[in-house]
*Asks:* 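Got a structure for you, written out below as structure tokens; questions coming shortly.
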Amino acid sequence: MTGRAMDPLPAAAVGAAAEAEADEEADPPASDLPTPQAIEPQAIVQQVPAPSRMQMPQGNPLLLSHTLQELLARDTVQVELIPEKKGLFLKHVEYEVSSQRFKSSVYRRYNDFVVFQEMLLHKFPYRMVPALPPKRMLGADREFIEARRRALKRFVNLVARHPLFSEDVVLKLFLSFSGSDVQNKLKESAQCVGDEFLNCKLATRAKDFLPADIQAQFAISRELIRNIYNSFHKLRDRAERIASRAIDNAADLLIFGKELSAIGSDTTPLPSWAALNSSTWGSLKQALKGLSVEFALLADKAAQQGKQEENDVVEKLNLFLDLLQSYKDLCERHEKGVLHKHQRALHKYSLMKRQMMSATAQNREPESVEQLESRIVEENAIQTMELRNYFSLYCLHQETQLIHVYLPLTSHILRAFVNSQIQGHKEMSKVWNDLRPKLSCLFAGPHSTLTPPCSPPEDGLCPH
């Protein structure tokens, strides 16, 4: 990849056969996916009625004007587990997917999410389509199922809030179609419909809107977002550990209180040689038994703090990481997909030019009609790949802007973390302070006079 834009190449109109020629070495599409008819972009513009085409935005179409609040307000989608359906051999996990925007609630299985993502990639190959969590065929425990539910929720919310995806019929079908054949409906919606390049009015003019140093900007943006991803990945890991420690602390406090209650409930008779201290032991047991209530309350507060940080801090960090990962995947698709095809087409073109020069030097006979048509197809293929390369960069420029629109989410995450810590420590401090006066009865001085516990010196050692 060079730092300057490539010079336009001589070509005729963009042809369908041209793109098919450039794709001859590409991997074949999945058999169960609809294969769009290859149509010239100019023909698409002429054939499709105006209301159904992607419209040109006002002003500079390359620049996005969205804010984070606007994106978050587009929709909020809930994904919840529903009771497992009993089968003869396997139990399938189903999810209830509820959309605020469409006021809908539908049942979906994991494979429905897979087809949904495939259709998004089919229609928007140059956009950030989030990845799906892995599918485990056997041994899916509750922890894995819950982690996958959270990941599916993040996936569908990122899609529902994307400026383009949110207005596409595929999303509406996935969130609102209540029939049993949702996968077929999703595939039918893409039948005979090309990707965004074939349906966007700006596709063939994308180069006109790109800055001259677009390649250099792309390289810088990719490196920046890679660094941001690495840093946020570490933040997420630490936030997970903090939330996990709060939940572990809750379990320890609960067990601590239960052990105190067990001591207070001990019914073993007091031996005769300790009869002089029977009143002390009885008072101590009664006090210890009552302390279990406060420790159970402390455990509950700690667990609440841990769960809140999992939902408000860890999940939001995971959401942002999923978005950053989708950008990294998009960059890879650009380099290994359209850019690779473009470079391959350029190589074919150079070979063809050398053959023409060689034929001219040797005074060969003029080209036949078939040879001329073949050369036109080759040139059209190169032109198509060049246009797609610039359109891919155009989309990458917009998706980079979208990443920066999401950056203020960092302040939301930090605010949630700070508020959780303040609220959690405040509530637990109140319980600890309420517990402190109850400790006075645990300490008896001479002649059964109760005395409160002494505060230890700064070195942590109590004098005799």
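Just so we're clear, the structure is a prediction, and the values are computed from it rather than from any experiment. Values below: all heavy atoms of this structure, side chains included; hydrogens, waters and symmetry mates excluded.
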*Asks:* State, to 0.1 Å, how close Pro211 and His397 come at their nearest heavy-atom pair, and which atoms those are.
*Replies:*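 For Pro211 and His397, the tightest heavy-atom pair comes out as CD-CD2, 4.2 Å.
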
*Asks:* Quick check: does any side chain N or O of Gln117 sit under 3.5 Å from a backbone N or O of Val114, one acting as donor and the other as acceptor?
*Replies:*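 Judged by distance alone, no pair lies under 3.5 Å.
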
*Asks:* Evaluate the criterion side-chain contact (heavy atoms from CB on, under 4.5 Å) for residue pair Leu330 and Arg127; output intermediate values, then yes/no.
*Replies:* CA-CA 7 Å; Leu330 176 60; Arg127 300 290 179 176; 5.6 Å; no

*Asks:* Output yes when a side-chain donor or acceptor of Arg222 lies under 3.5 Å from a complementary backbone atom of Lys328, and no otherwise.
*Replies:*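 Flag not set: sc Arg222 to bb Lys328 has no pair under 3.5 Å.
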
*Asks:* To the closest 0.5 Å, what do you measure between CD1 (Ile145) and CG (Leu152)?
*Replies:*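 That separation rounds to 11.5 Å.
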
*Asks:* Nearest 0.5 Å please: distance from the OH atom of Tyr327 over to the OG atom of Ser221.
*Replies:*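 Atom-to-atom, Tyr327:OH and Ser221:OG are 5.0 Å apart.
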
*Asks:* Does some side-chain heavy atom of Arg109 sit less than 4.5 Å from a side-chain heavy atom of Tyr95?
*Replies:*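 No, every pair of side-chain atoms sits at 4.5 Å or beyond.
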
*Asks:* Could you please spell out the steps behind the salt bridge (Lys or Arg N to Asp or Glu O under 4.0 Å) verdict for Lys430 and Asp434?
*Replies:* CA-CA 6 Å; Lys430 184 180 183 304; Asp434 292 342; 3.2 Å; yes

*Asks:* So, for Tyr406 and Phe320, is the gap between ring centers shorter than 6.0 Å?
*Replies:*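 They do not qualify: ring centres at least 6.0 Å apart.
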
*Asks:* State whether the number of non-hydrogen atoms from other residues, nucleotides or ligands found under 6.0 Å of Arg226 atom CZ is greater than 12.
*Replies:*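 Atom CZ in Arg226 is crowded, with more than 12 foreign heavy atoms closer than 6.0 Å.
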
*Asks:* From Leu121 CG over to Phe116 CZ, what is the distance, rounded to the nearest 0.5 angstrom?
*Replies:*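 The CG atom of Leu121 sits 10.5 Å away from the CZ atom of Phe116.
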
*Asks:* Tell me whether Asp168 contacts the main-chain N or O of Leu164 through its side chain, where contact means a donor paired with an acceptor under 3.5 Å.
*Replies:*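 Here the side-chain-to-backbone pair does not exist.
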
*Asks:* Keeping the roles fixed (side chain from Asn433, backbone from Ser429), state whether a donor-acceptor pair exists under 3.5 Å.
*Replies:*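 Looks like yes, one N/O pair under 3.5 Å.
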
*Asks:* Under 4.0 Å between a side-chain nitrogen and a carboxylate oxygen: does that hold for Lys289 and Asp266?
*Replies:*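 Salt bridge: no.
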
*Asks:* Between Glu188 and Asn184, is there a side-chain donor-acceptor contact under 3.5 Å, judged purely by atom types and distance?
*Replies:*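 Glu188 and Asn184 do not have a side-chain donor-acceptor pair below 3.5 Å.
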
*Asks:* From Arg149 CZ over to Gln78 CD, what is the distance, rounded to the nearest 0.5 angstrom?
*Replies:*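 Result: 8.5 Å between the selected atoms.
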
*Asks:* Got a donor-acceptor contact below 3.5 angstrom from the Tyr126 side chain to the Asp195 backbone?
*Replies:*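 Side chain of Tyr126 to backbone of Asp195: no pair is present.
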
*Asks:* Looking only at non-hydrogen atoms, find the nearest pair between Tyr390 and Leu210 and report the distance.
*Replies:*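 Taking every non-hydrogen atom into account, O-CD1, 3.6 Å.
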
*Asks:* Can you list the steps and then say if Phe165 with Phe124 is a ring pair (Phe, Tyr, Trp, His ring centres under 6.0 Å)?
*Replies:* CA-CA 9 Å; Phe165 304 160; Phe124 302 99; 5.1 Å; yes

*Asks:* Would you please indicate if the ring centroids of Phe218 and His334 are separated by under 6.0 Å?
*Replies:*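 Yes.
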
*Asks:* Is it the case that over 12 heavy atoms from other parts of the model lie below 6.0 angstrom from the CD atom of Glu143?
*Replies:*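 Open: at most 12 neighbouring heavy atoms sit under 6.0 Å from CD of Glu143.
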
*Asks:* Hey, does Lys123 have a side-chain heavy atom less than 4.5 Å from the side chain of Val169?
*Replies:*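 The answer is yes, as the side chains (C-beta and beyond) meet within the 4.5 Å cut-off.
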
*Asks:* Hey, are the side chains of Met128 and Leu402 touching, using non-hydrogen atoms and a 4.5 Å cut-off?
*Replies:*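 Yes, close enough: below the 4.5 Å cut-off.
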
*Asks:* Within 45 degrees of the axis of the six-membered ring of Phe174 and under 6.0 Å from its centre: does Arg108 put its NZ or CZ there?
*Replies:*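 Positive - Arg108 is close enough to the ring of Phe174 and near enough to its axis.
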
*Asks:* Which word best sums up how the rings of Phe391 and Tyr394 line up, parallel for under 30°, tilted for 30 to 60°, or perpendicular for over 60°?
*Replies:*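 Geometry flag for Tyr394 against Phe391: parallel rings.
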
*Asks:* What distance separates Leu288 CG from Ser261 OG, expressed to the nearest 0.5 Å?
*Replies:*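 Answer rounded to 0.5 Å: 9.5 Å.
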
*Asks:* Can you see whether Gln308 engages Gln423 through a side-chain donor-acceptor pair at a distance of less than 3.5 angstrom?
*Replies:*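 The answer is no; no qualifying pair exists.
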
*Asks:* Please check this pair: side chain of Asn157 against backbone of Lys153, looking for a donor-acceptor N/O pair closer than 3.5 Å.
*Replies:*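 Looks like yes, one N/O pair under 3.5 Å.
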
*Asks:* With no hydrogens and no angle check, is any side-chain donor or acceptor of Gln305 less than 3.5 Å from a backbone partner on Ile247?
*Replies:*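 Here the side-chain-to-backbone pair does not exist.
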
*Asks:* Would you say CZ of Arg238 has more than 12 non-hydrogen atoms from neighbouring residues, nucleotides or ligands within 6.0 angstrom?
*Replies:*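 No, because the 6.0 Å sphere around CZ of Arg238 holds 12 heavy atoms or fewer from other groups.
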
*Asks:* Taking all non-hydrogen atoms of both residues, which atom of Leu64 and which atom of Gln401 are closest, and how far apart?
*Replies:*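 That would be N-OE1, 2.8 Å.
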
*Asks:* Do Lys301 and Leu298 come within less than 4.5 Å of each other through their side chains, counting heavy atoms only?
*Replies:*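 When only atoms from C-beta onward are counted, Leu298 and Lys301 do not touch, as no gap falls below 4.5 Å.
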
*Asks:* Can you tell me if Ser265 uses its side chain to pair, donor with acceptor, with the backbone of Ala262 under 3.5 Å?
*Replies:*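 Here the side-chain-to-backbone pair does not exist.
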
*Asks:* I'd like to know if the side chain of Asp322 reaches the main chain of Ala131, judged simply by a donor and an acceptor atom lying under 3.5 Å from each other, with no hydrogens or angles considered.
*Replies:*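 The answer is no, because no donor-acceptor pair under 3.5 Å joins these two groups.
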
*Asks:* Around atom NZ of Lys307, are there more than 12 heavy atoms of other residues, nucleotides or ligands at under 6.0 Å?
*Replies:*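 Result for NZ/Lys307: open.
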
*Asks:* Looking at Ser244 and Glu240, would you say the former's side chain and the latter's main chain have a donor-acceptor pair under 3.5 Å?
*Replies:*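 No; judged by distance alone, with no hydrogens or angles, the pair does not exist.
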
*Asks:* With heavy-atom distances below 4.5 Å as the criterion, would you say the side chains of Arg154 and Pro130 are in contact?
*Replies:*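 No - every pair of side-chain heavy atoms lies 4.5 Å or more apart.
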
*Asks:* Quick one, Ser231 and Ile228 - any side-chain contact, counting heavy atoms below 4.5 Å?
*Replies:*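 Counting from C-beta outward, Ser231 and Ile228 never come under 4.5 Å.
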
*Asks:* Test side-chain contact (heavy atoms from CB on, under 4.5 Å) on Trp432 and Met428; report intermediate values, then the result.
*Replies:* CA-CA 6 Å; Trp432 284 117; Met428 293 189 69; 4.3 Å; yes

*Asks:* I'd like to know whether Arg101 forms a salt bridge (Lys or Arg N to Asp or Glu O under 4.0 Å) with Glu167, so could you lay out the CA-CA distance, the side-chain angles of the two residues, the decisive distance to 0.1 Å, and finally the verdict.
*Replies:* CA-CA 12 Å; Arg101 175 187 175 190; Glu167 302 302 324; 3.7 Å; yes

*Asks:* Answer whether the closest heavy-atom distance between the side chains of Tyr107 and Ile82 falls below 4.5 Å.
*Replies:*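 Yes. Closest side-chain heavy atoms under 4.5 Å.
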
*Asks:* Using the side chain to side chain contact (heavy atoms under 4.5 Å, CB included) rule, pick out the option among Leu254, Asp252, Leu260 that qualifies with Phe256.
*Replies:*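 Of the listed residues Leu254, Asp252, Leu260, the side chain to side chain contact (heavy atoms under 4.5 Å, CB included) partner of Phe256 is Leu260.
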
*Asks:* Going through the distances and angles, do Asn111 and Lys135 end up as a side chain to side chain donor-acceptor pair (under 3.5 Å)?
*Replies:* CA-CA 9 Å; Asn111 288 339; Lys135 179 178 182 179; 3.1 Å; yes

*Asks:* At their closest point, which heavy atom of His162 faces which heavy atom of Glu399, and how far apart are they?
*Replies:*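 Heavy atoms only, the tightest pair is NE2-OE1, 3.0 Å.
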
*Asks:* At their closest point, which heavy atom of Ile225 faces which heavy atom of Ile403, and how far apart are they?
*Replies:*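 That closest heavy-atom pairing would be CD1-CG2, 3.9 Å.
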
*Asks:* Under the salt bridge (Lys or Arg N to Asp or Glu O under 4.0 Å) rule, what do Glu146 and Arg150 come out as? Steps first, then yes or no, please.
*Replies:* CA-CA 6 Å; Glu146 172 59 17; Arg150 289 175 177 264; 3.1 Å; yes

*Asks:* Are Arg74 and His66 side-chain neighbours, meaning at least one heavy-atom pair lies under 4.5 Å?
*Replies:*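 Yes, their side chains come closer than 4.5 Å.
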
*Asks:* Please determine whether side-chain contact (heavy atoms from CB on, under 4.5 Å) holds for the pair Val77 and Leu175, giving the CA-CA distance in whole Å, both sets of side-chain angles, and the decisive distance to 0.1 Å.
*Replies:* CA-CA 9 Å; Val77 184; Leu175 293 179; 4.1 Å; yes

*Asks:* Please report the C-alpha distance between His412 and Leu68 in whole Å, then the side-chain angles of each, then the deciding distance to 0.1 Å, and finally whether the side-chain contact (heavy atoms from CB on, under 4.5 Å) criterion is met.
*Replies:* CA-CA 11 Å; His412 295 220; Leu68 178 61; 4.1 Å; yes

*Asks:* Return the CD1 to CG distance between Ile413 and Leu235, rounded to the nearest 0.5 Å.
*Replies:*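 These two atoms lie 8.5 Å from each other.
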
*Asks:* Please give me the minimum heavy-atom distance between Phe417 and Ile242, naming the atom from each residue.
*Replies:*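 Heavy atoms of Phe417 and Ile242 come nearest at CZ-CD1, 3.9 Å.
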
